[in-house]
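The structure under discussion appears below in the form of structure tokens.
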Protein chains: 2
Amino acid sequence: MDGGLEKSRRITLNDIARACGVSRATVSLVLRRSPLVHADTRRRVEAEMLRQGYVYNRAAANLRQRVSTTVALVINDLSNPFFAEFAAGVDEALGVKGYVTLLGSSNESPARQRQVLGSLIEHHPAGIILSPAENSDVADVELAIGRHAPLLVFNRKLTGTPAPGFEYDFLGLDNRAGARAATKRLLELGHRRIAFYGGHADSSSCRERRLGYQDALGEAGIPIDPRSMIETAPTRLEANAHADALFAIDAAPTAAVCYNDAVALGLMLGLTRLGRHPGVDFAVTGFDDIPEAALGVPPLTTLSADPRARGRQAAELLLQRAAAPSLLRRSVVVPVLLTERESTPHALRA
Amino acid sequence: MDGGLEKSRRITLNDIARACGVSRATVSLVLRRSPLVHADTRRRVEAEMLRQGYVYNRAAANLRQRVSTTVALVINDLSNPFFAEFAAGVDEALGVKGYVTLLGSSNESPARQRQVLGSLIEHHPAGIILSPAENSDVADVELAIGRHAPLLVFNRKLTGTPAPGFEYDFLGLDNRAGARAATKRLLELGHRRIAFYGGHADSSSCRERRLGYQDALGEAGIPIDPRSMIETAPTRLEANAHADALFAIDAAPTAAVCYNDAVALGLMLGLTRLGRHPGVDFAVTGFDDIPEAALGVPPLTTLSADPRARGRQAAELLLQRAAAPSLLRRSVVVPVLLTERESTPHALRA
DNA sequence: CTGAAAGCGCTTACAG
DNA sequence: CTGAAAGCGCTTACAG
């Protein structure tokens, strides 16, 4: 008794063909819904497949056809809801098109990312969607995946210069415009001392968001104090821990544009700990609009990127590329929308 | 110019063999690190593989060897951090053992789950890890996957009775003991009117948690008022919306054991909206210990299940099963730990 | 409308 | 230590 697992013998096309007294080719045609097969034969074959519990072996078919029905998806941080939603969107859109997602998670480690890519590429996916670990070098990625499958990079640029001929598509958020919009709104609300809080300054998204922040301040004629840009790891925990850095500045800020929602939520806790009242005497904005943003205390003003939709978009871009490898590579930058909630009060009289 | 994608011709073992003047078999032995191959030959072959950018085709190898190096992972709700962490843990442990994760997400839809399972099974995974959508029927699952791959079900039982011979392993949390521990603790803190809040009463995990809650009340000699068990969808939003149901009861409760953290966080918001102060004049407990639990306002007393560790555990259980299909099926129930935080104050004098 | 044969990229006995 | 041959489960011309 093997507990219901028929490890020993798998049912193949041959078994069905033999049982029906037809050739393998005929069974194959039935599977592929070819109109060439006589209706009676088709019915007999289909009944037999059901009876024997036949399961199509797509790997074998793909090998013969020299095609692939898988796409590799490598995610830097599944525990961040932004990326988890993105992954769900990718999987959803791929499923609709008959593709299966090969998942890999790098946990923000470039070494693990290399390893994961190397392992996934051996399954010869039709393409790769990579949400890169921080500081992923383009040469590293090329070494891991070669040039066999089209690559779509999400969210963060790869560092370094690609070797000639190594190309990839990019899907990202309009970080600069988003941060600029948030900062402008704070200015409209009367804030004049506004900090940029959190994120690693050397990550491409943080750099871009800082630029947007500076754009808005510049346009308002407010000089930029480099000390008002505070670096933290982009996590709730770190953002919480470093909140006091905001008040080490001579004239303390009344508002902070945060690198992302995780940082903003962490900062709000830190502010509360320090006796401040975010949403009352201090304004905070985030980035991403993760589900918790709307439900925080106070609800967080943030920039919506709809990660699930971005996932679907990434899947579609990649499949388009796989179908037309010679077309020019694209860099798609998605606008983000300012969603105002209670975390951004008017500036108070000092 | 094809943009660096060599869609046309893939490098195979044959190309390497020809270039080195050896047979395919020899190259294959080099790949598999056989000591039979002369060191010089090995070096020549390895150099040639690097030069031509050879990528091993694991699907072809698996086909020939009649083995599988993939595992299917089907998740009901990736946007819930509990399941996202679980998925990350599964992927991590599988990666270590050289397996690749085939991802599928059902978004809590049994229909989509059927479809996803049907598609994944065609890739002949070595096994399937299923975190089922609510109300997944065991017969449905069997229909989709047959009996070809071992199945590990996580977190929720399947509904219905399995057909004779259809068996699966189960990994779940000790829901009953967990809810009992939380309720007991509230009793120790002096609470006497305690509600059970949230969740769908017909889900196995909710049923079990309600039983644990009733166990504790029963042991304390407190009669159970069925109206003190309030049903909501297990989401933050719904939990928030129905908070007032707690105060429709004659003698309003001073504490609520919540179905899970999402519900508890939602309820705390709802309480605040109603002018209550969770953590001060009302006690709330959760279940899961998602990252937000510790960072909520107030931080949430909850039951820790360490979903990432559960993911690793699920992967290991499944691979054990795949190696020993005939062993008796197992049902592993993991204890959960009460983690006390500020959301559970002593009962106040009414 | 159906069948015999070749082949996808690999591995595995079996010779030598 | 290396090669020729067969075969994993499928599909695809090509006959008939």
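Computed from a predicted structure; not experimentally measured. Quick note on labels: first sequence line is chain A, next is B, and so on, each numbered from 1.
- B:S331 and B:D169 form no side-chain donor-acceptor contact under 3.5 Å, judged by distance and modelled atom types alone.
- Atom CG of A:L117 and atom OG of A:S106 lie 8.5 Å apart (nearest 0.5 Å).
- Between A:N62 atom CG and D:dC8 atom P the separation is 19 Å, expressed in whole Å.
- Regarding B:R66, its CZ atom lies at a distance of 19 Å from the P atom of D:dA6, rounded to whole Å.
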For DNA chain D, please output the secondary structure as dot-bracket, reading 5' to 3'. Pairs are Watson-Crick or G-U wobble, both atom distances under 3.5 Å; mark crossing pairs with [ ], other-strand partners with |, unpaired with a dot. |||.||||||||.|||

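- If you measure from atom CD of A:E122 to atom P of C:dC10, you get 10 Å, rounded to the nearest angstrom.
- For B:H123 and D:dC8, the NE2 to P distance is 21 Å, given to the nearest whole Å.
- Here the C1' atom of nucleotide C:dT11 and the CZ atom of B:R64 are 5 Å apart, to the nearest Å.
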How far apart are the C-alpha atoms of B:Y99 and B:L319, what are their side-chain angles, what is the distance that settles it, and do they pass the side chain to side chain contact (heavy atoms under 4.5 Å, CB included) test? CA-CA 10 Å; B:Y99 285 80; B:L319 294 181; 3.7 Å; yes

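- Ion pairing of A:R308 with A:E92 is present here, as a side-chain N (NZ or NE/NH1/NH2) and a carboxylate O approach within less than 4.0 Å.
- A salt bridge does not link A:E46 to A:R43: none of the charged nitrogens lies less than 4.0 Å from a carboxylate oxygen.
- One atom, CZ of A:R18, and another, P of D:dG9, lie 11 Å apart when rounded to the nearest Å.
- Ring orientation note: the planes of A:F83 and A:F154 are nearly perpendicular, at an angle over 60° on the 30°/60° scale.
- What separates CZ of A:R24 from P of D:dG9 is a distance of 10 Å, to the nearest Å.
- Atom CZ of B:R10 and atom P of C:dC10 are 10 Å apart (whole Å).
- Proximity of A:Q65 to the phosphate of D:dC10: no side-chain N or O atom is located under 4.0 Å from OP1 or OP2.
- Judged purely by distance below 3.5 Å, without hydrogens or angles, the side chains of A:S105 and B:D91 pair a donor atom with an acceptor atom.
- If you check residues 26-44 of chain B against DNA chain C, the residues with a heavy atom closer than 4.0 Å are B:S28, B:R32, listed by number.
- Considering only side-chain atoms of A:Y56, the nucleotide from D:dC10, D:dA6, C:dC8 that sits closest is D:dC10.
- Of the two residues contacting DNA chain D, namely B:S23 and B:A60, the nearest-nucleotide position lying further toward the 5' end is that of B:S23.
- Distance from the side chain of B:A25 is smallest to D:dA4 among D:dG9, C:dA4, D:dA4.
- Electrostatic pairing of B:E316 and B:R330 does not count as a salt bridge here, judged by no charged N lying under 4.0 Å from a carboxylate O.
- Remark: A:D140 engages A:R114 in a salt bridge, criterion side-chain N to carboxylate O under 4.0 Å.
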